[in-house]
Amino acid sequence: MARRYDCADEVDRKHGLREAASAVRRGDLVVLPTDTVYGIGADAFDAKAVAGLLRAKGRGRGVPSPVLVGSPTTLHGLVTDFSELAWELVDAFWPGALTLVARHQPSLNWDLGETRGTVAVRMPLHPVAIELLKEIGPMAVSSANLTGKPAPQTCDQARDMLGDSVAVYLDGGPTPDSVPSSIVDVTGRVPVLLRAGAVSEEELRKVVPDLETTH
């Protein structure tokens, strides 16, 4: 039976974060608020849990899960060939609604799906998410919806779709926006905007004037 915790209540939030951390360590799934939409998360280094996350969403391995981190310094252990421009984007927009696609360290023991050697990584601007990530470490987190359905802005919407496939729901109230994060590929010499989202192309160009686009 899934448990839900009201993060607006200080006692419930503390209890909920503790229960969510325990659930993730057990290999279970949790739903957490972010600065864009609610996410469904698992331990990034637990392949069985990540497979369960994809299954709960009704998603195949061809759309691998992004990874959320609680601090920019976590990147040092996750990615390789990370350019100066990529670090400038981190400095400008993290924590926030910018996802970076980078080459992951080949030595990492994880299976996020068919990533082709890359990982989509972000540090969200949400206190509940950051607290959990700092406790657990990197988490595989995707929007907490069934594939093809709208991404949820409330815990209720996520629970209506995912039900008991999730062990713990952290209710942080409505998310500020339904706009997803912008995605920039930093695997090449020049960053490429793959998806325009909450961080506009104009804002990104202030940091990377030569930003390429896919359209």
Side-chain angles (χ1 to χ4, degrees), residues 2-46 49-50 52-53 56-57 64-75 77-79 89-100 110 112 119-145 151-159 161-162 165-183 197-199:
R3 286 157 297 170
R4 174 187 181 147
Y5 298 91
D6 179 4
C7 294
D9 179 280
E10 196 175 331
V11 174
D12 220 26
R13 171 182 166 144
K14 191 174 179 182
H15 192 195
L17 281 163
R18 189 168 64 243
E19 287 297 312
S22 295
V24 173
R25 291 189 181 106
R26 283 197 309 271
D28 289 337
L29 305 177
V30 301
V31 159
L32 63 154
T34 78
D35 48 337
T36 54
V37 296
Y38 272 79
I40 177 174
D43 180 349
F45 297 99
D46 184 335
V50 175
L53 184 159
K57 282 179 60 74
S65 177
V67 168
L68 294 188
V69 296
S71 166
T73 58
T74 308
L75 282 173
L78 298 182
V79 302
L89 287 168
V90 167
D91 291 342
F93 299 110
W94 280 19
L98 176 64
T99 297
L100 297 175
W110 65 10
L112 302 169
V119 60
V121 64
R122 180 168 92 86
M123 180 183 176
L125 181 58
H126 196 289
V128 173
I130 287 177
E131 201 168 333
L132 182 59
L133 290 161
K134 285 189 170 173
E135 174 68 24
I136 288 295
M139 288 179 64
V141 179
S142 186
S143 55
N145 58 299
Q153 283 187 263
T154 68
C155 192
D156 280 343
Q157 290 169 351
R159 191 165 185 176
M161 286 186 274
L162 299 173
S165 63
V166 170
V168 173
Y169 287 84
L170 297 175
D171 187 350
T175 61
D177 214 333
S178 61
V179 181
S181 66
S182 300
I183 303 177
V199 180

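The residues of the chain are indexed from 1 along the displayed sequence.
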Open item on the list: On a heavy-atom basis, which atom in Y38 and which in Q153 lie closest, and how many Å separate them?
Closed with: CE1-O, 3.4 Å
Task: Student check: side-chain heavy atoms of D28 and V168 closer than 4.5 Å - done: no
Task: Heavy-atom check, side chain of P127 versus side chain of R13, under 4.5 Å - done: yes
Task: Separation of R3 CZ from L170 CG (nearest 0.5 Å) - done: 10.5 Å
TODO: To the nearest 0.5 angstrom, please state how far the NE2 atom of H126 sits from the OG1 atom of T34.
DONE: 7.5 Å
TODO: Rounded to the nearest 0.5 Å, what's the gap from OG1 on T36 to CZ on R122? Could you check?
DONE: 4.0 Å
Task: With sequence neighbours excluded, residues passing salt bridge (Lys or Arg N to Asp or Glu O under 4.0 Å) with R4 - done: D156, D171
Open item on the list: Show, in sequence, the C-alpha distance, side-chain angles and deciding distance for M139 and D43, and conclude whether the side-chain contact (heavy atoms from CB on, under 4.5 Å) test is met.
Closed with: CA-CA 5 Å; M139 288 179 64; D43 180 349; over 6 Å; no
Open item on the list: Looking at every non-hydrogen atom in both residues, tell me the closest pair between A97 and V199 and how far apart they are.
Closed with: O-CG2, 3.4 Å
Task: From CA spacing to verdict: side-chain contact (heavy atoms from CB on, under 4.5 Å), L89, L100 - done: CA-CA 9 Å; L89 287 168; L100 297 175; 4.1 Å; yes
Open item on the list: Quick check: do L78 and P138 have side-chain heavy atoms less than 4.5 Å from each other?
Closed with: yes
Task: L133 CG to T74 OG1 distance, which is reported to the nearest 0.5 Å - done: 8.5 Å
Open item on the list: Restricting to non-hydrogen atoms, name the atom on P95 and the atom on L125 that form the minimum distance, rounded to 0.1 Å.
Closed with: CG-CD1, 3.6 Å
Open item on the list: Could you report the tightest heavy-atom contact between V31 and A158, atom names first, then the distance?
Closed with: CG1-CB, 4.1 Å
- [ ] Sequence neighbours left out, what passes salt bridge (Lys or Arg N to Asp or Glu O under 4.0 Å) with D6? Give chain and number order.
- [x] none
Task: Distance, nearest 0.5 Å, that separates CZ of R25 from CD of E135 - done: 4.5 Å
Open item on the list: Measuring from atom CD1 of I40 to atom CG of N145, what distance do you get when rounded to the nearest 0.5 angstrom?
Closed with: 9.5 Å
Open item on the list: To check you understand the geometry: which heavy-atom pair defines the closest contact between A167 and R26, and what is its length?
Closed with: CB-NH2, 4.4 Å
TODO: Say whether S181 and T99, considering side chains only, have a donor N or O and an acceptor N or O under 3.5 Å apart.
DONE: yes
- [ ] State whether the side chain of K57 and the backbone N or O of A144 hold a donor-acceptor pair below 3.5 Å, judged by distance alone.
- [x] no
Open item on the list: With ring-ring contact (aromatic ring centres under 6.0 Å, His included) as the rule and sequence neighbours excluded, what pairs involving residues 8-27 come up?
Closed with: Y5-H15
TODO: Flag the pair W110 / V67 as yes when at least one side-chain heavy-atom distance between them is below 4.5 Å, and no otherwise.
DONE: yes
TODO: State, yes or no, whether a side-chain contact exists between S142 and L53 at a heavy-atom distance under 4.5 Å.
DONE: yes
- [ ] Considering non-hydrogen atoms only, spot the tightest contact between S71 and M123 and give its length.
- [x] CA-SD, 3.9 Å
